[in-house]
*Asks:* 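Structure below; questions to follow.
Chain letters run A, B, ... following the sequence lines, proteins first, then strands; residues in each count from 1.
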4 protein chains.
Amino acid sequence: MAVSTEQRVRRAAVRLFATRGFHGTGIRDLASAAGISSATLYHYMGTKEDLLVAIMRECLDRLLRAARQALDSFHDPDDPNDPVAALSALVTLHVMAHAALPEETRVVDNEVGALSRGARRHVVRLRDEYEAIWADTLDQGVATGVFDVPDPAVTRLALLEMCTGVARWYSPRGPLSLRDLGDRYAQLALRMAGAASPAGATAAERAAEVAAQVWRIRP
Amino acid sequence: MAVSTEQRVRRAAVRLFATRGFHGTGIRDLASAAGISSATLYHYMGTKEDLLVAIMRECLDRLLRAARQALDSFHDPDDPNDPVAALSALVTLHVMAHAALPEETRVVDNEVGALSRGARRHVVRLRDEYEAIWADTLDQGVATGVFDVPDPAVTRLALLEMCTGVARWYSPRGPLSLRDLGDRYAQLALRMAGAASPAGATAAERAAEVAAQVWRIRP
Amino acid sequence: MAVSTEQRVRRAAVRLFATRGFHGTGIRDLASAAGISSATLYHYMGTKEDLLVAIMRECLDRLLRAARQALDSFHDPDDPNDPVAALSALVTLHVMAHAALPEETRVVDNEVGALSRGARRHVVRLRDEYEAIWADTLDQGVATGVFDVPDPAVTRLALLEMCTGVARWYSPRGPLSLRDLGDRYAQLALRMAGAASPAGATAAERAAEVAAQVWRIRP
Amino acid sequence: MAVSTEQRVRRAAVRLFATRGFHGTGIRDLASAAGISSATLYHYMGTKEDLLVAIMRECLDRLLRAARQALDSFHDPDDPNDPVAALSALVTLHVMAHAALPEETRVVDNEVGALSRGARRHVVRLRDEYEAIWADTLDQGVATGVFDVPDPAVTRLALLEMCTGVARWYSPRGPLSLRDLGDRYAQLALRMAGAASPAGATAAERAAEVAAQVWRIRP
DNA sequence: CATGAATGAGTATTCATTCAT
DNA sequence: GATGAATGAATACTCATTCAT
């Protein structure tokens, strides 16, 4: 199956931005990694920053879409255990995405500071939207009493950083599959939230399905 | 109390490397932030990379020293609860350091990839030494049965990423003091470790004392 | 009435070369101003310089042709007042052309330096031929005593620069018609030449007719 | 007498901008013409445009200063012949400056279009101030009846273009000295203005003195 | 007839670093 | 100590031009 030049550029950019950083990656590095000349590069992108923005937006868009899609599938107002399942799903999704696409997600996490003001605003807004979903889920669990969390804000940030960190160390060559990893992290997250009952397997399964669909991850 | 030019250079470097990244910071940016000319800068440092290495080494040295010092003070082979106290101390120390010196620690976390091979080896070795302390502590707790951890490696990494992440969001202008933050995180960590009994206040207090001594943090 | 692509290219080039200069105009600017792609552009021209040369040659050719045609119509060896009519016609023609086609003429005046040696020689020869007509006219007037000119060379250059300058400021939206402008300048020129008798209206009228024919100017 | 590097840069820029145009002059051309590397160039200037602006401003500032200084010296409200002397002085000054510094003045005349909007506004304002002096002088002559000018605006523009054009052809190696040239042009200008009486030698002499002072022209 | 894709050479500007003073 | 001057190599990006389709 042939890979278009545009895709090769995108992939080279993701890899290099993730490993060397945006400012550490030269236009020539990008071009030679994509197998074209640096002049040709400009047929497939605007500026170097445009390329960065496109990578970030797609990554965040997918994360948002996945989170919304996953939570939609749990919507059952009569079930007070909902937040447990929702948190499990969010964690599973986030962790699987960060383990399966560590380069994209590291770019999003590390290079926001390299953006110009306008682009930064846009990216930060997307990120805030995403984090609001986590905050809502935590708040709902606290409100219904299924979570025991003294400081929801701190817990939310701790959870997010913990899960995001996966992109910094997970290796598909290690002993853990993406599903294993998701399960481990879901358990850790529920402990942090002080949830008495562990989530059923359903939540994680559905989350994995969403992940498979959004990122084409093989489960 | 006057600040030496060398200190001004160091501080400027920490600030700029943390906010713009190593590759995003020019030698002239450093010089003007330190209030000197770019030529004068070279009286106070070797290369730009030497400056980065020095910042990273000092930061990691301090973290190591603090961790060892804190654990030494708990050494009581007859007390099987030791690991609870030890983990509390490690988390408290790590979190306080990352909250109090977010720029230094972010440089250590984000700019390892900017180092040349030789320097990277050295820095990574220091980091591994430090993480080994966490691993030992977790293993000991599992061995003595005070921790309930299905996968110590994953838990260690989750813990470290969670605590390190503090440097990315904590603000001293927020509602939480360093001690508050340390306590919140120690509690989260013990939950993650499945520790039945919470740590006594003693561990955190001693950790805070060590932190105050090593980083001159006002508690 | 449809405009051919070739004409659109030519007009875009004239406009852009006049406003941004030859070196300030990119091939892509030309293409997009002509509504085609930069590759298609090369179906309608040789190199960028060829385009410039063609513009200049046509402009100078027309000017030469107009001047000769106008002077031919006055040829009356018995009339010592001829030079007055001839100068009036030359000035009228030159001024009308530069006012009606300021972009073409500005390109000719400003971009000679952008030509390569071979092309420059050709263009300069045309220009010299044209200026020789003015020189001859002045000399004849001096010889026959109808002009009072202490330094014919200086006067010729002053006249030419004065008339050429029209292309830098005349606007068809202003109060002056092309004929008005020609009359004003013819009068100034005769004053400069120290001509006692003003030219009759005939000279200007015939010049305007030639202009109308050569450049399709509406009088 | 040594020439500073800054002066060498300025002179190289004037020469190259005048002969090849702003867009036709590369930074490397400038550097090698100044005898330094292209990186060193940036010790002595901001951007390439800054250099252009500086050249234009100085040239226009000098022209304005000279014109004001020259007119001040004639101020005699009882003498209705004033405008004749004033116009003679303006023309002499303008012509001498354009003949003695043809490169500077051609840059001013030809490269306004290469300026960015902000800089252009500034330069155009200076030029307008200067031209207003000519307009005032003409108007005054018309009002007092010493000039016979049917259309002062056209005459002003014709005069200015005629005098400015000197920079396009005058050569110091030719037969005319700067003073000769000024005299010829002053006479042409007075004819164009329909002034009955020629200016006394005083006006030109004073103008030449001002020119000598402002531009260090040897008379 | 038209163009997307391609590129080597070039653009202006900045880089980290050195060194004479 | 401190710095202005200097630079080769790099930066991101554009150039005019070609050619297969």
*Asks:* Could you check whether any side-chain heavy atom of Tyr42(C) comes within less than 4.5 Å of a side-chain heavy atom of Thr47(C), counting everything from C-beta outward?
*Replies:* no

*Asks:* What residue pairs, at least two apart or across chains, pass salt bridge (charged side-chain N to carboxylate O under 4.0 Å, His left out) with a residue in residues 44-54 of chain B?
*Replies:* none

*Asks:* Taking side chain to side chain donor-acceptor pair (under 3.5 Å) as the test, write out the residues that go with Thr19(D), two or more places apart.
*Replies:* none

*Asks:* Going by side chain to side chain contact (heavy atoms under 4.5 Å, CB included), name the residues that satisfy it together with Ala13(D), two or more places apart in sequence or in a different chain.
*Replies:* Phe17(D), Leu30(D), Leu51(D), Ile55(D)

*Asks:* Is the closest side-chain heavy-atom distance between Val112(C) and Met56(C) below 4.5 Å?
*Replies:* yes

*Asks:* Please list all pairs meeting salt bridge (charged side-chain N to carboxylate O under 4.0 Å, His left out) that have one or both residues in residues 106-118 of chain D, counting only residues at least two apart or in different chains.
*Replies:* none

*Asks:* Look at the side-chain N and O atoms of Ser37(B) and state whether any lies under 4.0 Å from the OP1 or OP2 oxygen of dA2(F).
*Replies:* no

*Asks:* The criterion is side chain to side chain contact (heavy atoms under 4.5 Å, CB included); which residues satisfy it with Ala33(C), sequence neighbours excluded?
*Replies:* Ala12(C), Leu16(C)

*Asks:* Please report the distance, rounded to the nearest Å, between CG in Leu41(A) and P in dC13(F).
*Replies:* 10 Å

*Asks:* Just jot down the side chain to side chain donor-acceptor pair (under 3.5 Å) partners of Arg62(C), sequence neighbours excluded, or say none.
*Replies:* Glu58(C)

*Asks:* Which pairs with one or both residues in residues 12-29 of chain B pass salt bridge (charged side-chain N to carboxylate O under 4.0 Å, His left out), sequence neighbours excluded?
*Replies:* Arg15(B)-Glu103(B), Arg20(B)-Asp29(B)

*Asks:* For a 4.5 angstrom cut-off between non-hydrogen side-chain atoms, does Cys59(D) reach Leu101(D)?
*Replies:* no

*Asks:* Within residues 43-55 of chain A, find the residues that approach DNA chain E with a heavy atom at under 4.0 Å, and present them sorted by residue number.
*Replies:* His43(A), Tyr44(A)

*Asks:* For residues 111-119 of chain B, which residues have at least one heavy atom under 4.0 Å from DNA chain E?
*Replies:* none

*Asks:* Using five pairs at each end of the helix from dA2(E)-dT21(F) to dT21(E)-dA2(F) to define an axis, what is the angle between those two axes, to 10°?
*Replies:* 0°

*Asks:* By nearest nucleotide on DNA chain F, pick out whichever of Gly35(B) and Gly35(D) is the more 5' one.
*Replies:* Gly35(B)

*Asks:* Starting from the 5' end of DNA chain F, give me the residue, Ala39(A) or Arg28(A), whose nearest nucleotide shows up first.
*Replies:* Arg28(A)

*Asks:* Apply side-chain contact (heavy atoms from CB on, under 4.5 Å) to the pair Arg11(C) and Val3(C), showing each step before the final yes or no.
*Replies:* CA-CA 10 Å; Arg11(C) 289 177 188 181; Val3(C) 177; 4.1 Å; yes

*Asks:* Please tell me which of Tyr42(B) and Ser38(D) maps to the more 5' nucleotide of DNA chain E, matching each residue to the nucleotide holding its nearest heavy atom.
*Replies:* Ser38(D)

*Asks:* First and last nucleotide of DNA chain E touching chain C, 5' to 3', heavy-atom cut-off 4.0 Å?
*Replies:* dA2(E) to dA6(E)

*Asks:* Could you tell me which non-hydrogen atom of Ala114(A) sits nearest to which non-hydrogen atom of His23(A), and how far apart they are?
*Replies:* CB-NE2, 3.9 Å

*Asks:* In the structure I gave you, are the side-chain heavy atoms of Arg127(A) and Leu64(A) within less than 4.5 Å of one another anywhere?
*Replies:* no

*Asks:* Might you point out which heavy atoms bring Leu41(B) and Ala31(B) nearest each other, and give the distance in Å?
*Replies:* CD2-N, 4.1 Å

*Asks:* Within residues 12-27 of chain A, which residues have any heavy atom lying less than 4.0 Å from an atom of DNA chain E?
*Replies:* none

*Asks:* State, with a plain yes or no, whether a side-chain heavy atom of Arg10(A) is found less than 4.5 Å away from one of Gln7(A).
*Replies:* no

